[in-house]
K.L.:
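Quick one: this structure, given as structure tokens, is what I'll be asking you about.
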Amino acid sequence: PVQILSYLGGKVKVEETDLKSRIGFLCDIESRNISVFINATREQDSGQYMCSVNVEDDTIRLDKNIGIINLTVLVPPAVPTCQLHGSAVVGANVTLSCSSKKGKPSPMYQWQREPPTLQVFFPPAQDRARGTLKLTNLTLEMSGVYVCRAENQAGSKNCSIVLEV
């Protein structure tokens, strides 16, 4: 554990960490509210935070004087990359793939074909976790714009690919 913030002898002390300019007590300590804030959260702020309260001349009982909270900072997906694997010729099979380099939790992917022939895909053709869409026995009518949406609880981003059979 690394101490990041303390109140001792009537003074607030913020330690030299990457949180220094972004953390503080939410209320005046005299209010007895020792809630803290973290501004401009980053993915690396995720982790376990511990609050320890020790009052002068009080019996220290470790199980009573410590509170623990786990912080998970969600990260929206980065703009994904769409790719075509295989040869887009009549009768062939191709796989469309979609991958986002960032996202916490890991994004899920959803493929759809854009209008005028709107089409939504389901397993086993589509693998939402891997971001793949398998198109088999291609026909000329399967040509069109295919859009992949990468999404998690923090947001979503799209990419698209033109399939010309």
Side-chain angles (χ1 to χ4, degrees), residues 1-5 14-26 33-52 62-63 66-165:
V2 176
Q3 187 165 353
I4 54 176
L5 182 65
V14 183
E15 301 296 331
E16 291 293 332
T17 68
D18 66 336
L19 286 167
K20 183 169 185 167
S21 63
R22 304 181 291 123
I23 193 166
F25 288 106
L26 198 57
N33 181 339
I34 58 170
S35 300
V36 298
F37 66 83
I38 300 175
N39 288 330
T41 53
R42 304 173 185 159
E43 184 176 5
Q44 58 266 34
D45 295 336
S46 295
Q48 190 172 71
Y49 289 80
M50 179 172 52
C51 173
S52 173
L62 293 176
D63 59 334
I66 294 177
I68 295 175
I69 189 166
N70 290 307
L71 173 66
T72 301
V73 178
L74 302 179
V75 178
V79 174
T81 302
C82 286
Q83 292 182 312
L84 168 68
H85 306 275
S87 297
V89 295
V90 173
N93 300 334
V94 296
T95 300
L96 305 182
S97 68
C98 179
S99 179
S100 182
K101 291 188 186 293
K102 283 190 179 179
K104 188 175 182 181
S106 295
M108 295 297 280
Y109 301 95
Q110 177 68 52
W111 280 98
Q112 90 174 28
R113 184 173 166 193
E114 290 292 278
T117 313
L118 178 63
Q119 186 176 4
V120 178
F121 301 95
F122 301 95
Q126 175 173 238
D127 184 328
R128 293 205 62 210
R130 290 189 175 139
T132 57
L133 174 64
K134 293 180 181 176
L135 301 174
T136 58
N137 196 17
L138 292 178
T139 64
L140 294 173
E141 293 74 28
M142 294 169 83
S143 296
V145 177
Y146 290 76
V147 175
C148 173
R149 184 176 75 240
E151 97 182 302
N152 65 14
Q153 294 95 314
S156 67
K157 293 282 195 251
N158 296 341
C159 66
S160 62
I161 195 162
V162 176
L163 177 66
E164 291 183 34
V165 181

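We count residues from 1, following the sequence as given. Quick caveat, the model's predicted, so the values are computed rather than measured.
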K.L.:
Just how far is it from atom CG of N158 to atom CD of Q110, taken to the nearest 0.5 Å?
P.N.:
11.0 Å

K.L.:
Take atom NZ in K102; do more than 12 heavy atoms of anything else shown fall under 6.0 Å from it?
P.N.:
no

K.L.:
Identify the heavy atoms of M142 and L138 that sit nearest to each other, and give their distance.
P.N.:
SD-CA, 3.6 Å

K.L.:
Please check: side-chain N/O of S100 versus main-chain N/O of A78, any donor-acceptor pairing under 3.5 Å?
P.N.:
yes

K.L.:
Quick check: closest heavy atoms across S160 and V147, and the distance to 0.1 Å?
P.N.:
CB-CG2, 3.8 Å

K.L.:
How long is the gap from CZ on R128 to CZ on F121, to the nearest 0.5 Å?
P.N.:
14.0 Å

K.L.:
Distance from I69 atom CD1 to M50 atom CE, nearest 0.5 Å?
P.N.:
13.5 Å

K.L.:
Can you see which heavy atom on E15 is nearest to which on K20, and at what distance?
P.N.:
O-CB, 3.6 Å

K.L.:
Please determine whether side-chain contact (heavy atoms from CB on, under 4.5 Å) holds for the pair V73 and Q44, giving the CA-CA distance in whole Å, both sets of side-chain angles, and the decisive distance to 0.1 Å.
P.N.:
CA-CA 8 Å; V73 178; Q44 58 266 34; over 6 Å; no

K.L.:
Counting N and O atoms only, with roles assigned by atom type, does the side chain of T17 sit under 3.5 Å from a partner on the main chain of L19, one being a donor and the other an acceptor?
P.N.:
yes

K.L.:
Sort out for me which residue in N93, T95, L96 forms a side-chain contact (heavy atoms from CB on, under 4.5 Å) with K134.
P.N.:
T95

K.L.:
Check step by step if side-chain contact (heavy atoms from CB on, under 4.5 Å) holds for V14 and I23.
P.N.:
CA-CA 8 Å; V14 183; I23 193 166; 4.0 Å; yes

K.L.:
Would you compute the distance between atom OG of S52 and atom CD of Q3 and round it to the nearest 0.5 angstrom?
P.N.:
8.5 Å

K.L.:
Taking all heavy atoms of S87 and all of A92, pick out the closest pair and write down the distance.
P.N.:
O-CB, 3.4 Å

K.L.:
Working note: V36 + I4, criterion side-chain contact (heavy atoms from CB on, under 4.5 Å); need CA distance, chi angles, decisive distance, verdict.
P.N.:
CA-CA 11 Å; V36 298; I4 54 176; over 6 Å; no

K.L.:
Measuring only between side-chain heavy atoms, which start at C-beta, is Y146 closer than 4.5 Å to L84?
P.N.:
no

K.L.:
Are K157 and P76 packed together at the side-chain level, in the sense that at least one heavy-atom pair is separated by less than 4.5 angstrom?
P.N.:
no

K.L.:
Backbone N or O of A40 within a donor-acceptor pair of the R22 side chain at under 3.5 Å?
P.N.:
yes

K.L.:
For A150 and P107, work out which heavy atoms get closest and say how close.
P.N.:
CB-CB, 4.1 Å

K.L.:
Keeping N152 on the side-chain end and P105 on the backbone end, is there a donor-acceptor pair under 3.5 Å?
P.N.:
yes

K.L.:
Heavy atoms only: give me the nearest S143-V165 pair and the separation to one decimal.
P.N.:
OG-N, 2.9 Å

K.L.:
As an exercise, state the distance from OG of S97 to OH of Y109, rounded to the nearest 0.5 Å.
P.N.:
10.0 Å

K.L.:
Do any pairs count as a side-chain hydrogen bond (donor to acceptor under 3.5 Å, both in side chains) and have a residue in residues 69-84, sequence neighbours left out, and if so which ones?
P.N.:
Q48-N70

K.L.:
Hey, is C98 close enough to C82 that the SGs sit under 2.5 Å?
P.N.:
no

K.L.:
Just grab all the side-chain hydrogen bond (donor to acceptor under 3.5 Å, both in side chains) pairs involving residues 111-122, residues at least two apart or on different chains.
P.N.:
Q112-E114

